[in-house]
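Reading through the structure tokens given below for one structure.
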Amino acid sequence: MHIVVERRPEGIALTDDSGHQTLVSEGDFSRAVAVREAAAERPRWVWTDTAKWYPALLAAGVRIQRCHDLRLVDGLLCGIAGQVSHHEWGSAPRPALADTLFDFVAAPDAVTGLVVGEVWAQQRAAIAAHPAPLQLAVLAAAESAGALAAAEMQYAGVPWSADAHDALLTEALGPRPASGQRPAHLEALAAQFDALLGVGRVQIDSPPELVKALRRAGLEVSSTRSSELARVDHPAIEPLLRYKTLSRLHSSNGWHWLEEWVRHGRFRPTFIPGGVVTGRWASAGGGALQLPRQVRSAVQADEGWRLVVADAAQLEPRILAALSGDAAMAQAGRGADLYAGIVSSGAVATREQAKLGMLGAMYGATRGVSAQILPRLARSFPDALGFVERAARAGERGERVQTRLGRTSPWPTERVGDEAARGRFTRNFVVQGTAAEWALAWLAGVRNRLWNASAGSLTEQPHLVFFVHDELVVHAPLGRVGEVEQALHDAAADAARVVFGGTSVTFPVTVASVQRYSDAK
DNA sequence: AAGCCTAGCGCC
DNA sequence: AGGGCGCTAGGCTT
């Protein structure tokens, strides 16, 4: 079922696939479709799937402040129960659920007894029955708020200068070639590589052929990975590595990408809340969460606007400090740079060691420099390191682990012999997943503050345009940059309270207001 | 031709 | 090195 939403002078018109039409006022629309919580002043829309319904509403100029997304909460609850959902939320939804938005509008009196009402009641009961109902309710609300923000960000789009993008491509690759042709700079590098390697023409784009050619030239390589090639001492390697970097730019974010994904000065990726098992978002279309630094100078605010770019500093180690209640690590994080604080504590000698060691602790490093540093960190921060160790042991025993707000890791696969891998996964899950919760709370807090400060069209006000795990970008009119910066700081402080219910760990965010994304850091 | 897999690399 | 992703190209199978 697809519903077309149109805003008209007399109200909001909804038309379904069969041409059946309903007309409601904006106020009635909200009241009819939303299930109003008894104690809440603001209506909360309860619907099957934000990603399915909200885009049409946004296109019609309707903004929704709060919702409960049945699909996403179903995912949370099924994850906790260790089960697979019996609902069909995908492309072929169960008719009774898929049609409910329209049913609510068409029959606003019949609130009780409708399927959406039933599923919602079941979900509320399941949350209430959970050992930590308050945390889980927060998670459900945050997940749902994220879904609203995701749809709004796609609607608004990332402001993108196609001219600047084209210019940087031309600078790096040479003029745009005819379709299917290799850009001049790539052509030159490939020729240079062939000449220096001296074994004839090499199919440089084919890893197996490339390995064979390198070995023919007497180089001991087992792959074409850049990190392995970089260790090889041969004059042909430098142009090869340069070729690989530029070829990557060309194929992943070149002219073809630009034509495919940027329209009318906006890049509109689909954000997928909860798309990753840990609760992180995924994306689809244009590789939004892998936007290379190389092209970020093409992300440019509109005339008279700014990009307010905010980044949570050392989010994951701070999350670990709060999760574990490690007072020494909380102390190390009192300043703007937690890694510098670890150095000041005397645990390690350099910031690089602090960073490497903490990443190793959270990812489960077993070898190399990172693993060597671990014992020293464990002496200085036994609670933090003990916390991830316990999560790892649980995973190795085949158990599941939880984030702070209750998102639960999946049951491990049956394969024998992968205990160590399971331990690394659960070790990281608790930190990455709780960091995702903090970021979601931050995002929702920023969104609420922007909402409360604005009326009217979404894109005429300061609005979120981009979110990558621990970083937010708001597109804001020049005159409102100050309040947006404040909102980003305030929401970060709130997020710590929302997720941890109070912690001595601080979560500083760096904020930069810039014309181009690339100028943010 | 379409779908799946792997290698490799971009991001956090 | 070690966690989580998406995407592209090449190369395979169907």
Side-chain angles (χ1 to χ4, degrees), chain A residues 180 182 186 203-212 221-230 240-241 243-254 256-257 260-261 269-296 299 311-317 319-320 353 355-374 388-389 391-392 395 401 403 407 409-410 418 420-436 438-439 466-473 517 521:
Chain A
R182 195 139 68 178
L186 286 181
Q203 284 186 55
I204 195 169
D205 290 319
S206 168
E209 292 300 319
L210 185 52
V211 170
K212 282 185 215 162
V221 294
S222 56
S223 77
T224 64
R225 212 168 287 131
S226 293
S227 57
E228 186 180 351
L229 295 179
L240 174 56
L241 291 175
Y243 177 92
K244 283 164 76 77
T245 301
L246 291 179
S247 171
R248 179 89 191 166
L249 171 66
H250 181 233
S251 64
S252 293
N253 296 96
H256 184 252
W257 182 95
E260 173 112 17
W261 296 111
T270 301
F271 293 96
I272 306 172
V276 178
V277 281
T278 57
R280 274 188 175 180
W281 288 16
S283 69
L289 301 189
Q290 294 83 28
L291 212 61
R293 297 195 171 278
Q294 267 176 310
V295 303
R296 292 190 181 185
V299 181
D311 181 282
Q314 308 95 37
L315 179 59
E316 292 198 344
I319 289 290
L320 175 55
Q353 286 180 346
K355 183 174 178 175
L356 230 52
M358 285 308 298
L359 290 177
M362 295 183 293
Y363 291 158
T366 54
R367 293 177 293 173
V369 182
S370 179
Q372 284 172 13
I373 297 166
L374 286 182
V388 282
E389 282 303 319
V401 294
T403 60
R407 193 187 304 268
S409 65
D418 58 356
R422 293 199 314 238
R424 284 194 298 273
F425 173 66
T426 50
R427 170 197 292 271
N428 187 251
F429 184 94
V430 293
V431 177
Q432 187 185 119
T434 305
W438 184 94
F466 199 55
F467 172 52
V468 212
H469 310 315
D470 61 358
E471 186 173 340
L472 279 175
V473 182
Y517 192 10
K521 57 179 173 184

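Computed from a predicted model, the values in this text were never measured in an experiment. Quick note on labels: first sequence line is chain A, next is B, and so on, each numbered from 1.
In this structure, A:Y243 atom OH and B:dG8 atom P are separated by 15 Å, rounded to whole Å. Between the C1' atom of C:dA1 and the CZ atom of A:R427 lies a distance of 13 Å, rounded to the nearest Å. In this structure, the CG atom of A:L249 is 10 Å from the P atom of B:dG10, given to the nearest Å. One can place CZ of A:F467 at 18 Å from P of B:dC11, the figure rounded to the nearest angstrom. Atom P of nucleotide B:dC9 and atom CD of A:E228 are separated by 10 Å, given to the nearest angstrom. Rounded to whole angstrom, the span from the CE atom of A:M358 across to the C1' atom of B:dC12 amounts to 16 Å. Rounding to whole angstrom units, CD of residue A:Q353 and C1' of C:dA1 are separated by 16 Å. What separates NE2 of A:H250 from C1' of B:dG10 is a distance of 17 Å, to the nearest Å.
With a 6.0 Å radius and a threshold of 12 heavy atoms from other residues, nucleotides or ligands, A:K355 has its NZ atom at or below the threshold.
Note on A:T224: only backbone sugar-phosphate atoms sit closer than 4.0 angstrom, heavy atoms only; bases stay farther off. Residue A:R293 is in sugar-phosphate contact alone, with no base atom involved, counting any heavy-atom pair closer than 4.0 Å across all strands shown.
Within the structure, the salt bridge (Lys or Arg N to Asp or Glu O under 4.0 Å) test picks out no pair touching residues 357-374 of chain A (sequence neighbours left out). Sorted by first and then second residue, the salt bridge (Lys or Arg N to Asp or Glu O under 4.0 Å) pairs with a member in residues 276-290 of chain A read A:R280-A:E316; sequence neighbours excluded.
The main-chain N or O of A:M362 is found under 3.5 Å from a side-chain atom of A:N428 such that the two form a donor-acceptor pair. Checked by atom type and distance alone, the side chain of A:W261 never pairs as donor or acceptor with a backbone atom of A:P269 at under 3.5 Å. A donor-acceptor pair under 3.5 Å is formed between the side chain of A:T426 and the backbone N or O of A:G423.
The side chain of A:K244 places no N or O atom within less than 4.0 Å of a non-bridging phosphate oxygen (OP1 or OP2) of B:dG8.
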Check: Which parts of nucleotides 2-14 of chain C does protein reach within less than 4.0 Å, heavy atoms only, written one letter per nucleotide 5' to 3' as B for base, S for sugar-phosphate only and - for none?
Finding: BBBBBBSSSS---
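A:S252 OG to A:L291 CG: the interatomic distance, rounded to the nearest 0.5 Å, is 11.0 Å.
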